[in-house]
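Please read the structure below before turning to the comments.
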Amino acid sequence: MSRLKIATPNQAQLTVERLYKDLERRIIASPPGLCPVDLQLSFLKLCHAQTCGKCAPCRIGLGQLQNLLEDVLEGRGSLKTLDLIRETAASIMDSADCAIGYEAAHMVLTGMDGFMKDYKHHIEHGKCSCHITQPVPCVALCPAGVDIPGYIALVREERYADAVKLIRKDNPFPTACALICEHPCEARCRRNMIDSSVNIRGLKRMAVDNARANRVPVPEKAESTGKCVAIVGGGPGGLSAAYYLELMGHHAVVFEEKGKLGGMLRYGIPNYRFPRERLQEDIDAILSTGVEVRLNTRIGNGEGEIPFGQLRKEYDAVYVAIGAHTDKKIGIEGEDSHGVISAVEMLRHIGDEDMPDFRDKTVVVVGGGNVAMDCTRSAIRLGAKKVGIAYRRRQDDMTALPEEVEGAIAEGAELYSLKAPHKIEADENGNVTALWVEPQIIGPIDAWGRARPIQADVPLQRIPCDIVVVAIGQGIEIRDFEEAGLSVKRGTIAALSDSEVEDVRGVFAGGDCVTGPATVIRAIASGKVAAANIDEYLGFHHVISCDVEIPPVNYEDKEPCGRIQLSEEEAGVRKKSFDAFECGMTKQEACQEAGRCLRCDKYGYGSLKGGRAAIW
Amino acid sequence: MVNLVIDGLSVSVPEGTTIMKAAAGIGIEIPHLCFLEGINEISACKVCVVEMQSHGEKAKEKLITACNSSVEEGMVIYTNSPKVRRVRRNNVELILSQHDCHCATCARSGNCNLQKISNDLGILEVPYKEEVPKTPWDSNFPLIRDSRKCIKCMRCVQICDKVQDMRVWDVQNTGSRTTVDVAGNKTIDTSDCTLCGQCITHCPTGALRERFDIPKVFQALAESSRITVVQVAPAVRAAWGEELGLAPEDFTEGKMVAALKRMGFDYVFDTNFAADLTIMEEGNELLERLGNPGKYAWPMFTSCCPGWVSFVSKRYPKYLRNLSTAKSPQQMFGAMVKTYFAQKKGIDPHTICSISIMPCVSKKREAALSYMRSAGAGQDVDIVLTTRELVRMMRAEHINPKFLKEESFDSPLGESTGAGVIFGVTGGVMEAALRTAYAVVEGHNCEPDAFPAVRDTRGIKAAQGIPGAGDAKGAESALDTQGISGEEREIRLMGRREADFELGGKILHTCTVSGLGNAERLMQDIVSGKVHYDFVEVMACPGGCVGGGGQPIHDGYEMAEERGRELYRLDEERPLRYSHENPEVQKAYEEFLGKPLSRKAHELLHSKHVNELVFETHNYI
């Protein structure tokens with residue numbers, strides 16, 4: 001008899017491991033709009049299958065909780081049922097031996113706190129309050145509701161100009177979003193259930209690379225209404241609103257403080273991610289509708305500025321889309337030293353092609369967001385000797401897209417993680433000589449599920465440097481608008497979900513100045529919403545549509561197939577210039593990738609409720 | 001043209017044709033449950049699955065649905081491969097596991113596609129656990145939903161959304177509990193439901209039906225002290241024999257009368273009489289309004305369709321005053337039976353049981369409205385049966401119409417003109433009113449067929465006017481052949497017939513629509529001031545009462561067009577074709593009412609319409 005054996009997993013175990021992976025991907029692809037109580041019940045079932053069966057609260061309790069949830073879902077429950085669910089879950093939590101039991105009960109309690117309204121709705125009305133409103137996951141998650149399955153099908157047929165036209169129905173910045181959108185659409189792509197999400201942004205890029213936005217004519221405009229709308233801010237939000245208002249027959253006049261249009265697309269995102277000439281393609285298409293532009297014109301109360309009240313008098317409606325362009329300070333000693341600059345300032349200079357001289361300098365960027373990565377990678381391209389990123393949490397906790405962080409590291413950036421800025425050291429001339437940081441250890445998880453750093457029991461560290469770039473967030477220059485009577489909430493303009501500013505008739509606001517710093521696609525979506533509601537406010541009901549016919553589905557079997565990733569110029573070469581380094585797909589790649597789309601617009605709930613909003 | 005092979009047969013069809021249509025063209029009827037052309041093409045039941053092979057390749061793993069998949073060049077389709085047989089059978093078995101299969105006690109037994117398919121497939125046992133969901137329903141409401149029979153095909157949701165635009169039904173709950181219920185947090189009686197009944201006539205099973213009132217009728221027939229008086233609506237005569245499998249020439253008006261007499265009704269009268277009476281009142285009301293335009297709200301709306309009146313009440317209560325105050329023929333009839341007729345026969349009106357047979361479910365609610373008690377002897381109409389209930393009664397009474405001899409309606413409320421007959425088809429009320437208004441104003445009759453513009457010549461499918469749906473395409477091609485373009489084309493595509501007539505030197509602008517979706521679009525244009533009319537006729541059901549929610553059901557087939565043609569034929573055959581020439585109507589005025597719009601006529605034949613949602617909730621017999 002052998003005393004010990006080497007454990008090798010058997011066929012069943014291996015299969016279950018695979019099924020776990022399938023389930024993980026399935027959870028990722030969970031469509032929006034499901035009943036949370038029903039999901040809670042399903043989670044419980046899984047938890048219950050994991051129990052070892054030793055302890056009564058877990059073995060029996062998780063089953064009885066399922067029965068009680070079943071009662072709620074079947075319309076047999078009462079408010080007493082809810083009390084019993086809470087009481088039982090609390091007891092399991094307080095007495096189960098291991099995490100299988102007490103964490104399962106914890107999930108139930110979290111759910112009861114988080115969606116009690118849904119529990120009560122089931123009890124009071126005998127049905128669920130949830131409705132699947134937009135059945136296509138990618139469209140539902142795109143803030144602008146772009147017809148994604150539609151343009152993917154068009155790209156597959158190599159109808160690139162039609163794809164651009166279809167995108168423009170909901171988003172007049174097809175190029176910008178093809179190059180730099182954060183693609184929330186991909187998050188719950190149903191293709192995850194088979195293998196992984198479709199590379200939606202890559203396919204959009206295929207469309208705009210082969211049918212340049214400035215060469216695809218914009219749709220015909222509606223008859224002129226004679227109405228005139230002022231738009232404060234020439235960024236993605238303001239220009240989107242201007243574009244749709246012009247299509248609706250209103251005249252849009254854009255007031256831009258800076259010398260060029262584009263907002264954060266120009267003054268926030270460096271050229272290597274979004275080349276200026278590509279930005280110009282979108283802007284040219286938008287301006288071709290007849291949008292009037294006043295550059296270097298600031299709306300405010302200062303000298304040479306146009307007071308907001310004057311705009312309200314002279315125009316039939318006003319849309320405020322000023323973005324978030326002021327910098328935030330860390331608030332540490334030495335922050336006013338020479339050589340400390342804010343991310344906003346640095347990227348603005350780069351946007352105006354006034355390149356800072358970082359040659360042979362050592363640069364430390366403070367922050368962990370996308371803006372911090374943009375600064376880091378720009379500093380490398382500006383010839384810095386060494387560039388480091390100081391961040392008070394771990395790399396995994398960074399809010400920047402993982403590929404941005406990885407890209408920066410590949411280009412040679414040093415990552416100082418778990419280092420909170422303490423003070424900036426300067427020489428006698430006031431020039432920066434070092435950043436002092438407090439080492440951290442990662443600590444307890446906060447209510448939002450993020451691990452909080454706590455001070456490590458070690459001495460401060462000194463990071464020698466010549467330049468400190470502060471990239472810890474942006475604020476909004478709100479004072480002049482507040483003085484003009486717009487209400488303000490936590491540093492942002494308080495606008496309703498229809499973008500109307502409360503109690504100020506005819507004034508609308510949207511984008512970063514309402515939401516705080518967010519994504520391009522959200523700003524575009526705000527512009528679209530504002531255009532629709534300004535149109536209504538002006539007494540019209542214009543409709544934006546697109547006459548492109550969407551290709552039918554094909555009947556090919558959906559075999560598992562890998563996702564095509566966009567390739568990049570090698571790090572050693574790309575870091576030497578501001579030239580774009582991401583490469584688009586080949587036709588072969590695009591055709592295969594587009595073929596992975598499951599056409600949720602035609603299959604599933606899409607075929608019942610209509611897979612697309614053909615007009616808005 | 002696209003070439004493909006189905007079950008070994010080559011076929012060539014236009015691009016965009018579905019596999020189901022292509023197969024039907026060569027005599028292969030692919031079984032299906034949820035599919036309803038142009039309205040519900042969602043492939044929910046997965047019964048119409050077929051196996052597909054592309055040219056020269058092996059068959060695809062996944063089956064496709066024939067109802068909503070278009071043909072492709074070189075396709076090879078198998079509708080009965082071993083895989084298709086297995087999947088089709090499994091899917092029907094799964095549907096049956098959540099369906100109440102007590103077919104013997106189902107309203108749709110013998111006229112149910114699910115029953116037929118499972119029987120055809122030889123499913124004598126379901127291998128799955130029975131899981132029949134039961135949700136409560138108010139059994140007093142004229143429309144009954146039995147959740148145990150619902151197969152979630154979503155046809156009711158779609159017909160109510162796309163054709164009627166009332167959005168009463170919606171998908172409720174998610175996941176395994178997904179079902180159909182009244183939309184939002186409403187119950188059926190507080191919803192916008194007008195009881196048009198289109199969901200019933202498009203339900204593939206017995207999940208939706210009208211409240212059965214037959215027992216009440218049998219009870220009345222059994223009581224020797226009660227005088228049973230029955231009236232039959234115009235559209236009923238064009239449809240009642242369909243369910244009995246009779247050819248149109250075998251289900252005549254005379255045989256219908258004979259059947260009712262055989263069942264024991266004391267008096268068999270014709271709602272058409274009251275239709276003629278309605279024209280006398282409503283036609284004169286129109287002339288009165290035209291004479292004093294400043295006193296009234298415009299346009300004047302017809303008021304004979306209770307679905308439409310209910311629609312105005314719920315969606316556009318401000319426009320209730322635009323409705324003609326004339327009651328519907330059913331209600332005029334009820335009021336006349338319990339007064340004029342009772343006096344003439346010396347009967348105590350309280351002993352009369354007034355019954356009507358209607359192609360309509362909404363009439364059940366109309367009869368029960370609190371202000372429909374003008375004769376002072378209870379409700380003017382006591383019981384309303386649908387055409388389907390009439391047929392069921394005949395079957396219960398084992399009456400074989402083949403052996404019936406034609407009989408005439410009784411007098412004095414049995415005579416009618418052709419104008420009364422066409423009340424049952426869209427445009428008919430308008431046409432009948434114009435015939436009489438012309439005679440009143442001009443002093444002589446016009447040609448009886450002088451107003452073809454108000455008739456719906458596009459066919460019922462187009463009348464449904466679903467934008468972008470297959471049916472509307474039919475309408476589009478019809479307009480192309482007639483060479484109608486531009487704005488008029490747009491208007492016609494919305495199922496709207498606009499016509500201007502000269503009346504006493506003035507132009508009368510009229511508009512006629514059927515289907516509540518079309519009515520909604522019309523109302524939007526009226527409210528926004530985009531259109532201006534003097535007189536508007538609306539019937540809630542596509543095609544008018546001939547396509548009513550109480551008519552016999554033919555799954556997947558609309559019969560309104562054929563039935564409408566029958567009514568126009570009857571109109572043409574009638575010796576009298578103008579309501580004002582109806583001798584019994586004339587006599588009723590002489591002996592009883594005085595003249596149109598007289599005080600007595602107002603008491604009995606007119607009413608103010610009130611907001612049903614405010615006053616009539618929970619008030620049905």
Side-chain angles (χ1 to χ4, degrees), chain A residues 30-43 45 69-70 72-76 118 120-133 135 194 539-541 545 549 551-560 598-599 601-612 614-615, chain B residues 15-16 18-19 34-35 40-44 50-54 57-65 67-72 75 77 131 133-136 147 152-155 157-158 161-162 170-187 467-468 524 528 530:
Chain A
S30 211
L34 299 181
C35 169
V37 183
D38 199 8
L39 286 176
Q40 181 94 74
L41 175 60
S42 315
F43 298 158
K45 252 191 188 138
L69 282 169
E70 195 90 44
V72 172
L73 286 164
E74 292 297 338
R76 297 185 297 252
D118 297 273
K120 284 198 170 148
H121 196 279
H122 274 282
I123 282 163
E124 283 159 11
H125 301 281
K127 52 185 169 187
C128 185
S129 58
C130 297
H131 285 276
I132 300 170
T133 40
I194 302 177
F540 298 89
H541 191 73
S545 61
E549 205 169 311
V553 295
N554 67 72
Y555 306 128
E556 280 154 37
D557 284 328
K558 299 295 176 192
E559 304 288 350
L598 297 179
R599 292 300 299 267
D601 58 327
K602 294 282 184 186
Y603 290 110
Y605 208 72
S607 69
L608 170 61
K609 288 287 178 178
R612 52 180 40 88
I615 55 169
Chain B
E15 201 179 324
T18 62
I19 295 169
C34 65
F35 173 72
N40 199 45
E41 300 183 349
I42 64 170
S43 72
V50 294
E51 193 163 356
M52 179 204 146
Q53 204 178 348
S54 292
E57 293 173 15
K58 69 174 177 59
K60 302 279 176 213
E61 286 293 316
K62 204 157 153 21
L63 301 182
I64 56 174
T65 42
C67 69
N68 63 353
S69 302
S70 302
V71 294
E72 279 180 2
M75 233 181 193
I77 295 290
E131 290 182 319
K134 172 105 180 85
T135 46
S147 61
K152 286 90 178 172
C153 71
M154 309 297 172
R155 282 189 190 179
V157 178
Q158 303 264 43
D161 283 10
K162 291 183 180 167
D170 201 359
V171 183
Q172 296 286 319
N173 299 334
T174 62
S176 64
R177 288 172 187 78
T178 303
T179 188
V180 172
D181 202 350
V182 181
N185 291 326
K186 291 183 174 165
T187 51
Q524 284 174 9
S528 70
K530 208 169 146 191

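In the text below, chain A, chain B and the rest are named by the order of the sequence lines, each starting its count at 1.
The local environment of NZ in Lys558(A) is crowded, with over 12 non-hydrogen atoms from other residues, nucleotides or ligands closer than 6.0 Å. Summarising the local packing, CD of Glu15(B) is surrounded by 12 or fewer heavy atoms from other residues, nucleotides or ligands at distances under 6.0 Å. Enclosure of atom NZ in Lys134(B) by more than 12 non-hydrogen atoms of other residues, nucleotides or ligands within 6.0 angstrom is indicated.
Using a 4.5 Å cut-off between heavy atoms, Leu73(A) touches chain B through backbone and side chain atoms alike. Looking at Asp38(A), the atoms closer than 4.5 Å to chain B (heavy atoms on both sides) all sit in the side chain, from C-beta outward. Of the two parts of Tyr603(A), neither the backbone nor the side chain holds a non-hydrogen atom closer than 4.5 Å to a non-hydrogen atom of chain B.
When all heavy atoms are compared, the tightest approach of Thr174(B) to Leu34(A) is OG1-C, 4.1 Å. When every heavy atom of Asp557(A) is checked against every heavy atom of Glu61(B), the shortest pair comes out as OD2-N, 2.5 Å. The shortest heavy-atom contact between Tyr555(A) and Lys60(B) is O-CD, 3.6 Å.
To the nearest 0.5 angstrom, Thr135(B) atom OG1 is 11.0 Å from Glu74(A) atom CD. Between Asn185(B) atom CG and Glu124(A) atom CD the span is 9.5 Å, to the nearest 0.5 Å. From His125(A), atom NE2 reaches atom NZ of Lys186(B) across 13.0 Å, with rounding to the nearest 0.5 Å.
For the pair Arg177(B)/Lys127(A), no side-chain contact is recorded, criterion being any heavy-atom separation below 4.5 Å from C-beta on. Put simply, the side chain of Lys602(A) does not reach to within 4.5 Å of the side chain of Asn68(B), judged on heavy atoms.
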